[in-house]
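In what follows, chains are A, B, ... by sequence order, proteins preceding strands, each numbered from 1. Quick note: numbers below take in every heavy atom, side chains included, and nothing from hydrogens, waters or symmetry partners. This is a predicted model, so every value here is computed, not measured.
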Protein chains: 2
Amino acid sequence: MANLETHRIPPRADSARPVRGEVCSPFGASAQAPVFFPAGKEIYAQGEKSGNLYKVEFGAVRVYRLLADGRRQISAFHLADEVFGFETDSTHHFFAEAICGTGIRVLRLSSFRDERAGELLPMALEGLIRTQEHLLVLGRQNAVERVAAFIADMSERQGGLPQVELPMSRADIADYLGLTIETVSRIFTRLKHKDVIRLPNLRSVEIVKWQVLQELAS
Amino acid sequence: MANLETHRIPPRADSARPVRGEVCSPFGASAQAPVFFPAGKEIYAQGEKSGNLYKVEFGAVRVYRLLADGRRQISAFHLADEVFGFETDSTHHFFAEAICGTGIRVLRLSSFRDERAGELLPMALEGLIRTQEHLLVLGRQNAVERVAAFIADMSERQGGLPQVELPMSRADIADYLGLTIETVSRIFTRLKHKDVIRLPNLRSVEIVKWQVLQELAS
DNA sequence: CGGCAATTTGAAGGCGCTCAAAAGTAGTGG
DNA sequence: CCACTACTTTTGAGCGCCTTCAAATTGCCG
């Protein structure tokens, strides 16, 4: 199972921040050690020069945009083994932050039109499909459906087990689902009272009734 | 300007439907004539075998998903010169339909991991960025902001002129913005009364106050 | 002109938000 | 180990935006 504990002791607690722009190992090669980001640390920011890709070794990442008045939309969470950071031009359009202690392997790309495009395209398309699925959730599903879909999705990405670890806060979940923290909390409570889920602690969900959860997710 | 008229007489009014799976010209080559789809015609459906890419020559396309109860979310509109149809596996996850009389050039791909990935990746990323921008709109913007952003986006994609042609119905716009047709209609009317836009006819918008529209789009 | 569909307009209600306060959780230091 | 603090999460009450349902109007094409 992916390591999602927020307060796990990291393999390398030193290097607080990677030096972006350094030459890193080619993709797939595992000689280069991952860089460690403590909880809340920025991985890249909107407006920064891009050109790298990032692979989550352990932990979790949130990718988001901000409106001028501070409203935030998290476009994706990335868990272990997922690749993110795709950009069209040389500038980042989003922010990326470690949610908990997170190991990131960086791949420097000279150009997106390089010889590795063949390997990269399927990963980019994976993200595209996932984002389009999320559009349906935000555009056409109500609060219960959104939360149910979120829990089901997190479970699937962690191996389909009933025990689901949530590295992110309620605020993160809310900003991912286009809801408020209060609404997210209320739905969790409602699902708990209906015995669809159990909440062993703040960062864990146990799915009790898979069938019902799936139906609620529509 | 892109040709967006719904009832334009097409160059080839015969072939109502392309035969999918046929060998088509390599991408970029223009020898192969585009296939014509009349308004409302399905280009591909969810669950169908994929493997092709589609380039809009003229007209407009809507790509969408459906929930079991019929709720629809349009994930993207595609206008002239845009490429769509990217999929991870060999099955379509979405529906694609011509909005108005539309010419489509089909590119058959033997594999997404083929030698053209270098050209394809930037196009896929273009769509990814656009979809992620749309997530922000659906997740965190209110009805006025959504409609304003939509009008501004359509204008930009048609050259930034104040005269904007809307090939799609109010229902399409609503299903793209995650609203109801009534709300979309009300917002259009409100913007008209505030002299931000004019509505010469049902399928046209004239942007009168760019500044105000941009501010409303946040 | 007449018929049908799309759009607009109106009225009422509900879902999720805002504001507010209580309860729970974690980290720190005595 | 417990007290203290700061923060997150939960719970409550009231409201507002958008939806739902309904009807009028407009636009289109025979």
Side-chain angles (χ1 to χ4, degrees), chain A residues 5-9 38-40 62 67 69-73 99-101 137-148 150 166-193 197-205 216 218, chain B residues 5-9 38-40 62 67 69-73 99-101 137-148 150 166-193 197-205 216 218:
Chain A
E5 273 70 51
T6 302
H7 305 296
R8 178 180 180 279
I9 295 166
R62 59 177 167 254
L67 287 171
D69 60 4
R71 280 176 289 179
R72 182 179 71 156
Q73 177 63 45
I99 292 174
C100 50
V137 174
L138 294 191
R140 285 294 176 229
Q141 302 204 171
N142 64 30
V144 177
E145 292 170 329
R146 293 183 200 199
V147 172
F150 171 72
L166 304 180
M168 67 291 288
S169 67
R170 297 288 187 268
D172 285 337
I173 297 173
D175 284 349
Y176 178 69
L177 297 178
L179 301 170
T180 60
I181 53 176
E182 293 94 334
T183 297
V184 171
S185 177
R186 273 184 256 267
I187 305 287
F188 268 101
T189 303
R190 200 192 302 177
L191 293 178
K192 184 181 69 178
H193 287 157
I197 61 172
R198 277 198 296 166
L199 299 172
N201 62 69
L202 283 175
R203 297 291 163 106
S204 305
V205 176
L216 288 176
S218 230
Chain B
E5 272 68 51
T6 302
H7 304 298
R8 179 179 180 279
I9 294 166
R62 60 177 166 252
L67 288 171
D69 60 4
R71 280 175 289 178
R72 182 178 71 157
Q73 177 62 46
I99 292 174
C100 51
V137 174
L138 295 192
R140 285 294 176 229
Q141 301 204 173
N142 63 30
V144 176
E145 293 170 328
R146 294 184 200 199
V147 172
F150 171 72
L166 304 179
M168 68 291 287
S169 67
R170 297 289 187 267
D172 285 338
I173 297 172
D175 284 349
Y176 178 68
L177 297 179
L179 301 170
T180 61
I181 53 177
E182 294 93 332
T183 298
V184 170
S185 177
R186 275 184 255 267
I187 304 287
F188 268 102
T189 304
R190 200 191 304 177
L191 293 178
K192 184 181 70 181
H193 287 157
I197 60 172
R198 278 199 295 166
L199 299 170
N201 62 69
L202 282 177
R203 297 293 163 106
S204 305
V205 176
L216 288 176
S218 227

Tell me: [atom1] of [X] to [atom2] of [N], nearest whole Å?
{"X": "Arg140(B)", "N": "dC17(D)", "atom1": "CZ", "atom2": "C1'", "result": "15 Å"}
{"X": "Asn201(A)", "N": "dT9(D)", "atom1": "CG", "atom2": "P", "result": "12 Å"}
{"X": "Ile187(A)", "N": "dC15(C)", "atom1": "CD1", "atom2": "P", "result": "11 Å"}
{"X": "Asn142(B)", "N": "dT18(C)", "atom1": "CG", "atom2": "C1'", "result": "15 Å"}
{"X": "Leu191(A)", "N": "dT10(D)", "atom1": "CG", "atom2": "C1'", "result": "15 Å"}
{"X": "Ile99(A)", "N": "dT8(D)", "atom1": "CD1", "atom2": "C1'", "result": "16 Å"}
{"X": "Glu145(B)", "N": "dC17(D)", "atom1": "CD", "atom2": "C1'", "result": "12 Å"}
{"X": "Leu166(A)", "N": "dT9(D)", "atom1": "CG", "atom2": "C1'", "result": "14 Å"}

| query | From Arg190(A) CZ over to Ser185(A) OG, what is the distance, rounded to the nearest 0.5 angstrom? | reply | 11.5 Å

| Rounded to the nearest 0.5 Å, how far does CZ of Arg203(B) lie from CG of Leu166(B)? | 8.0 Å

| field | Residues that Tyr176(B) engages under ring-ring contact (aromatic ring centres under 6.0 Å, His included), provided they are two or more places apart | value |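 With neighbours one apart ignored, the set is Phe77(B), His134(B), Phe150(B).
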
Using the side-chain hydrogen bond (donor to acceptor under 3.5 Å, both in side chains) criterion, which residues pair with [X]? Sequence neighbours excluded.
{"X": "Ser204(A)", "value": "Glu165(A), Asn201(A)"}
{"X": "Glu145(A)", "value": "Ser218(A), Arg71(B)"}
{"X": "Arg198(A)", "value": "Glu206(A)"}
{"X": "Thr183(B)", "value": "Thr180(B)"}

| query | Can you pull the salt bridge (charged side-chain N to carboxylate O under 4.0 Å, His left out) pairs that have at least one residue in residues 178-187 of chain B, sequence neighbours excluded? | reply | none

| note | Sorted by chain and number, sequence neighbours left out, side-chain contact (heavy atoms from CB on, under 4.5 Å) with Leu199(B) holds for Phe188(B), Lys192(B), Ile197(B), Val205(B)

| field | Ala171(A) versus Ile181(A), closest heavy-atom pair with distance | value |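 For Ala171(A) versus Ile181(A), the nearest heavy atoms are CA-CG2, 3.2 Å.
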
| query | How bent is the helix from dC1(C)-dG30(D) to dG30(C)-dC1(D), comparing axes over its five end pairs at each side, to the nearest 10°? | reply |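 What I find for the helix from dC1(C)-dG30(D) to dG30(C)-dC1(D) is an axis angle of 40°.
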
For the residue pair [X] and [Y], establish whether any side-chain heavy-atom pair is separated by less than 4.5 Å.
{"X": "Val184(A)", "Y": "Arg146(A)", "result": "no"}
{"X": "Gln73(B)", "Y": "Leu138(A)", "result": "no"}
{"X": "Leu179(A)", "Y": "Val147(A)", "result": "yes"}

| field | Short side-chain N/O contact to dT10(D) OP1/OP2 from Ser185(A), under 4.0 Å | value | yes

| remark: Across all chains, not counting sequence neighbours, the salt bridge (Lys or Arg N to Asp or Glu O under 4.0 Å) partners of Arg72(B) are Asp172(B), Asp175(B)

Look for any protein N or O under 3.5 Å of an N or O in nucleotides 10-13 of chain C and output each such pair with its distance, or none.
unit_1, atom_1, unit_2, atom_2, d
dG10(C), N7, Arg186(B), NH1, 2.9
dG10(C), O6, Arg186(B), NH2, 3.3

| field | Within residues 172-181 of chain A, residues whose heavy atoms come under 4.0 Å of DNA chain C | value | Gly178(A), Leu179(A), Thr180(A)

| field | Minimum-distance nucleotide to Thr189(B) side chain [options: dG16(C), dT19(D), dT9(C)] | value | dT9(C)

Nucleotide N/O to protein N/O under 3.5 Å, stretch nucleotides 3-6 of chain C:
none

